[in-house]
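Taking it in order: structure first as structure tokens, then the write-up.
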Amino acid sequence: MSAATHTPPSSVDSSADVPASFPADFLFGVATSSFQIEGATHVDGRGESIWDRFCRQPGAISDGSNGDIACEHFDRLEQDLDLIASLGVNCYRFSLAWPRIQPTGRGEWNAAGLGFYERLVDGLLARGIKPVATLYHWDLPQALQDQQGGWAARDTVHRFVDYARHVQKHLGDRLYALSTHNEPWCTATLGHDTGVHAPGLRDRALAAQVSHHLLLSHGLAMQAMRAEGGCKNLGIVLNMGPSVPATTHPADIAAARLADAKSRRWYSDPLFKGEYPAEALADLGAAAPKIEAGDMAAMRAPMDHLGINYYTRYVVNADGKPWSAREHGLPASDMDWEVYPEGLTDILCRMHADYPDMPPLYITENGGAFPDQTLVDGHVHDLDRLDYLRTHIAATAEARRRGVRVDGYMVWSLMDNFEWGFGYSKRFGIVHVDYETQARTLKASALWYQDLLRQWRAQG
Ligand code: FCB
């Protein structure tokens, strides 16, 4: 193995006094998203989403499942709010289902759908927990897909802005933070290029155009929400990890740089510099998006936070061959993602170096799927997940020590849930869900997190 991939795991000092590294106003939370937990897809006037439709495509979801029932969170709201409170977190990250609030993505608003999120937000506030909301975690109203090709159409940008303004108007003043998109890279690339996410399309140029529309919708929604008033802590959530060369060969180094430009910087450069990375545009060639005058300036709307979702690093081979941590004898999760906490420190420091004007960062997702479904005497001994969280929280503390302003950390996920193309076969929760009975059981990782938060509060 080359020196490039074999970073010694020394940069994360997990013996440091972790609770003392975080100030009393740090956000410690857990995260979920609407489609992955709510169920009740036909209740109270909710419209169809592109994920409802995608789940019906044979072969789209590995276990043939869908989101109709999921974790029954919609029906178990009060109990789940108590569960969240029992962890001792001070914030909860969730997303709003656009088709609940506006069933066809244009025109009429559905007060009953919004009412669910009002109960959720009021229930959090009553328990002293800060609501951290995301407007779009991938469940587009199907009608927009059918009528105009969803995010491929520039008009969907304006539909999203209307939706953002409506949420800001009715819920904004009760939200601690509000993000526009969750992981636009996934919407564009997984949904429109590789086709493993809804709407399941495979067209590189279309995916590039979708990414442009997502970024534009973010920028224009920021402006509209600012004008509306309400929540003043506005931002977006991006997924990222360091792209590193598989070897020290110059071709691998160049490939890793390009991969970084095409994934991370494709989203962060427009937000903070108002331009796409030149090398990524050149790589797209004729597949580059059509950009109208004013688009790039709109994307650069000032933000109050940037959410970062981190799971792993990306090891890049110039020949495009996938790289497997397991084959290299390195630890990996049930998703086959390498467990690499140093990558979290690295990417936080990289962002800090690349964008001096960046707003405070929240780690809006971090966690691991591990094959821990067996309940032993009513307990789930998920020591691998516990260790994952422990080392990644230490990696966050390390980034703070190096001067990066990270103001929050949210575990993905509160509970086991519908993991997109993998259905219910991958478990990310710190709370176990028995899908037969819907019983929730705190895993060892949840008990550990509870204890960490107790220690942290005690010293504040
Ligand atoms: C992220 C998604 C989240 C969850 C985790 C494992 O990409 O935002 O919904 O699926 O991965």
Side-chain angles (χ1 to χ4, degrees), residues 29-39 49-52 54-55 60-63 65-67 70-71 73 92-98 132-140 179-194 196-198 211 214 218 235-241 263-264 266-267 306-314 332-340 343-344 347 362-372 382 384-385 388-389 392 408-431 433 445:
V30 282
T32 62
S33 87
S34 48
F35 191 78
Q36 294 179 275
I37 65 166
E38 285 178 1
S49 83
I50 57 171
W51 271 93
D52 296 302
F54 186 64
C55 289
I61 312 298
S62 67
D63 62 1
S65 64
N66 56 55
C71 304
H73 172 67
Y92 172 57
R93 175 174 181 251
F94 62 96
S95 76
L96 301 112
W98 184 355
V132 174
T134 304
L135 286 167
Y136 187 78
H137 201 126
W138 309 348
D139 37 6
L140 185 77
S179 309
T180 53
H181 288 280
N182 176 71
E183 303 189 349
W185 179 87
C186 290
T187 303
T189 302
L190 303 182
H192 299 81
D193 185 359
T194 63
V196 297
H197 277 190
S211 70
L214 292 167
H218 157 79
I236 191 171
V237 172
L238 303 179
N239 53 305
M240 62 180 74
S263 52
R264 178 181 66 99
W266 183 262
Y267 293 91
L306 172 68
I308 290 186
N309 294 350
Y310 173 80
Y311 289 93
T312 191
R313 66 171 170 170
Y314 308 105
S333 74
D334 202 21
M335 302 293 284
D336 267 338
W337 298 344
E338 185 189 0
V339 176
Y340 190 69
L344 177 53
I347 200 66
Y362 300 151
I363 295 160
T364 30
E365 287 182 26
N366 177 241
F370 294 98
D372 56 10
D382 60 336
D384 26 23
R385 182 175 296 101
Y388 184 102
L389 299 178
H392 285 78
Y409 176 92
M410 295 155 220
V411 174
W412 185 271
S413 180
L414 163 66
M415 57 186 159
D416 296 332
N417 58 49
F418 176 80
E419 178 48 32
W420 310 112
F422 298 92
Y424 299 96
S425 68
K426 305 289 180 195
R427 291 177 178 268
F428 273 93
I430 58 172
V431 174
V433 175
S445 55

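In each ligand, atom 1 is the first atom listed, and ligand 1 is the first ligand listed. Counting begins at 1 with the first residue of the sequence. Not measured: the values here are computed from a predicted model.
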Every pair of nitrogen or oxygen atoms between ligand 1 and the protein that is under 3.5 angstrom apart - can you list them with their distances to 0.1 Å?
unit_1	atom_1	unit_2	atom_2	d
ligand 1	7 (O)	Glu183	OE1	2.5
ligand 1	7 (O)	Glu183	OE2	3.0
ligand 1	8 (O)	His137	NE2	3.2
ligand 1	8 (O)	Asn182	ND2	2.9
ligand 1	8 (O)	Glu183	OE1	3.4
ligand 1	8 (O)	Glu183	OE2	3.4
ligand 1	8 (O)	Glu365	OE1	3.1
ligand 1	8 (O)	Glu365	OE2	2.9
ligand 1	9 (O)	Gln36	OE1	2.7
ligand 1	9 (O)	His137	NE2	2.8
ligand 1	9 (O)	Trp420	NE1	3.0
ligand 1	10 (O)	Gln36	NE2	3.4
ligand 1	10 (O)	Glu419	OE1	2.7
ligand 1	10 (O)	Glu419	OE2	3.2
ligand 1	10 (O)	Trp420	NE1	2.9

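Shown are Trp51, Phe35, Phe54; of these, the ring-ring contact (aromatic ring centres under 6.0 Å, His included) with His197 is made only by Trp51.
Scanning both residues, Leu96 and Asp139, for their nearest heavy atoms gives O-OD1, 4.1 Å.
Between Tyr388 and His392, the two ring planes are parallel [angle under 30°; tilted spans 30° to 60°]. Using the six-membered ring where Trp is involved, His137 and Trp420 have ring planes that are parallel, under 30° apart on the 30 and 60° scheme.
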Practice prompt. Kindly indicate, with the supporting measurements, whether the criterion salt bridge (Lys or Arg N to Asp or Glu O under 4.0 Å) is fulfilled by Glu419 and Arg427.
Written response: CA-CA 8 Å; Glu419 178 48 32; Arg427 291 177 178 268; over 6 Å; no

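Gln36 places a side-chain N or O within 3.5 Å of a backbone atom of Phe418 that can act as its donor or acceptor partner.
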